[in-house]
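Just so we're on the same page: letters track the sequence lines, and every chain starts at 1.
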Protein chains: 2
Amino acid sequence: MPERGRPRSFDRTAALRRAMEVFWAKGYEGASLSDLTTAMGINSPSLYAAFGSKEALFLEATDLYTRVEGSDIWTTLEEAPTARLAIEGFLTQTAKAYSQTDRPQGCLIALGALHQDSSQGLICYDLRRRRAENHMALKRRLERAVAEGELPADFDGQTAATFFATVQHGMSIQARDGATHAALMATVAGAMAAWATLAGARA
Amino acid sequence: MPERGRPRSFDRTAALRRAMEVFWAKGYEGASLSDLTTAMGINSPSLYAAFGSKEALFLEATDLYTRVEGSDIWTTLEEAPTARLAIEGFLTQTAKAYSQTDRPQGCLIALGALHQDSSQGLICYDLRRRRAENHMALKRRLERAVAEGELPADFDGQTAATFFATVQHGMSIQARDGATHAALMATVAGAMAAWATLAGARA
DNA sequence: TGAATTATGTATCGATCAACACAGAAAAGG
DNA sequence: CCTTTTCTGTGTTGATCGATACATAATTCA
């Protein structure tokens, strides 16, 4: 491997984590190079040498976010024994994660770049792709429960997945408005109140 | 009134509407003075003379948005004969408004400035206040139904209002992702599926 | 040791940001 | 008419944006 030349004097992963927090708090456009380099403790040439560009840094940061911060939420969805517990756990984990006070509130994937800036469509596209993946994960989990006979055959997994994904997105905005964990759990309660109707629906 | 001096050569209200559309599509930070003056058909000195600053222009634009674009949604909420129809109409009008293809998707109030930029806390604060007002309007409508005996006395208007407001916020992000009217209505169906449980809940 | 390679710090690039100075133009009051 | 008032277009302000040039420092390879 390329171990020649002067070694890097900072921890690349730690710096990436700091960048992730800045993007998380301020969004892609709102995070300036000055914000980033200050938080990362490096100068801009080091940032560009290590990550390439602000765009590439953001893409790496969102990848780290997905792996680290989103892990609990999505493993809960997959591993819960029933579809109902999967959705309830998914939403409960979301409420917990979004209301942590030692980090930015809400979700980087949901809030990072909502306005498609003309020049930087790539960032917007990448976040959309990630949101679409999350929607598909919900749909797959629900349709698995249909296939296993846990849910009725006419259960509309697409509609339900859209509904629960939308609730989660709304919780990001709610969290940004300073909602407490209890307030987020009120939304979870509302969403789960739909379960009985959705799971028992007949065509 | 001050009718002395050279008269304004552009329609102030029409220009404000153009500015609203730019802010709606790009957000507060994403909308540059160049974007605004181009869309409004004026030069920056005229903008500053007529509106004061970018901040003041945004505040006027959100006010116009609330009065014009939000009107249908909130009058439906107030005037529907039952609480259930009020919520259903509120969400249905939202789905219709957010998926119009001849204007930006989603809601200016929800998406206009989610990242609290250090210098411009005023914009963020104003949008938050408007979102809080919307939440209170929902809560008031539901509690009115409780007072009128339409809903059970132990109906939790606060929780339900939080839930439906959050669903609406999520629909803004969903709409920004290109969701069709039908997809938004799937979310409405999910949210209304919660109604039976919420309205019939016993402590 | 010396050549090659890579990272760092300083200093800066052109572009764009929000905002405004200034002079000329268009109206009303006298 | 002339003065006052207000608006418009040109041009520009200092600040900040993302991104680099360049010289130097620190390491490996020969």
>> With the threshold set at under 4.0 Å for non-hydrogen atoms, list the residues of residues 8-23 of chain A touching DNA chain C in residue-number order.
In response: R8(A), S9(A), F10(A)
> Relative to each other, are the rings of W74(A) and F90(A) parallel, tilted or perpendicular (30° and 60° limits)?
Replying inline: tilted
>> What I want to find out is whether E60(A) reaches R12(A) closely enough, with some N-O distance under 4.0 Å, to be called a salt bridge.
In response: yes
> Does atom CZ of R128(A) have more than 12 heavy-atom neighbours, drawn from other residues, nucleotides or ligands, at distances under 6.0 Å?
Replying inline: yes
> Do R176(A) and H115(B) have side chains that get closer than 4.5 Å, going by heavy atoms?
Replying inline: yes
>> Expressed as a whole number of angstroms, how long is the span from L47(B):CG to dA19(C):P?
In response: 9 Å
>> Can you confirm whether M192(A) sits close enough to R84(A) that some side-chain heavy atom of one is under 4.5 Å from a side-chain heavy atom of the other?
In response: yes
> Roughly how many Å is it from OH in Y48(A) to P in dA21(D), rounded to a whole number?
Replying inline: 12 Å
> If we only count heavy atoms from C-beta on, is the T166(B) to I173(A) side-chain gap below 4.5 Å?
Replying inline: no
> Between dT8(D) atom P and M40(B) atom CE, what is the distance in whole Å?
Replying inline: 11 Å
>> Can you build the contact string for nucleotides 22-30 of chain D? Use B for base contact, S for sugar-phosphate-only contact, and - for no protein heavy atom under 4.0 Å.
In response: ---BBBSS-
>> From CG of L36(B) over to C1' of dA19(C), roughly how many Å is that when rounded to an integer?
In response: 13 Å
> Looking at side-chain heavy atoms only, is the closest gap between Q168(A) and L138(A) below 4.5 Å?
Replying inline: no
> Going by distance alone, is a donor N or O of one side chain under 3.5 Å from an acceptor N or O of the other, for D35(A) and S32(A)?
Replying inline: yes
>> Under the criterion salt bridge (Lys or Arg N to Asp or Glu O under 4.0 Å), I'd like the reasoning laid out for R17(A) against E21(A): C-alpha separation, chi angles, the key distance, then a yes or no.
In response: CA-CA 6 Å; R17(A) 182 155 313 197; E21(A) 292 169 355; over 6 Å; no
> Hey, is the side chain of N43(B) poking within less than 4.0 Å of OP1 or OP2 on dT8(D), counting only N and O atoms?
Replying inline: no
>> Within the 4.0 Å limit for protein heavy atoms, which parts of nucleotides 12-17 of chain C are touched? Write it as a string from 5' to 3', B for base, S for sugar-phosphate only, - for none.
In response: -----S
> Can you find a heavy atom in the side chain of T187(A) that is under 4.5 Å from one in the side chain of V167(B)?
Replying inline: no
>> Testing R131(B), R130(B), R129(B) one by one against E133(B) for a salt bridge (Lys or Arg N to Asp or Glu O under 4.0 Å), which residue passes?
In response: R129(B)
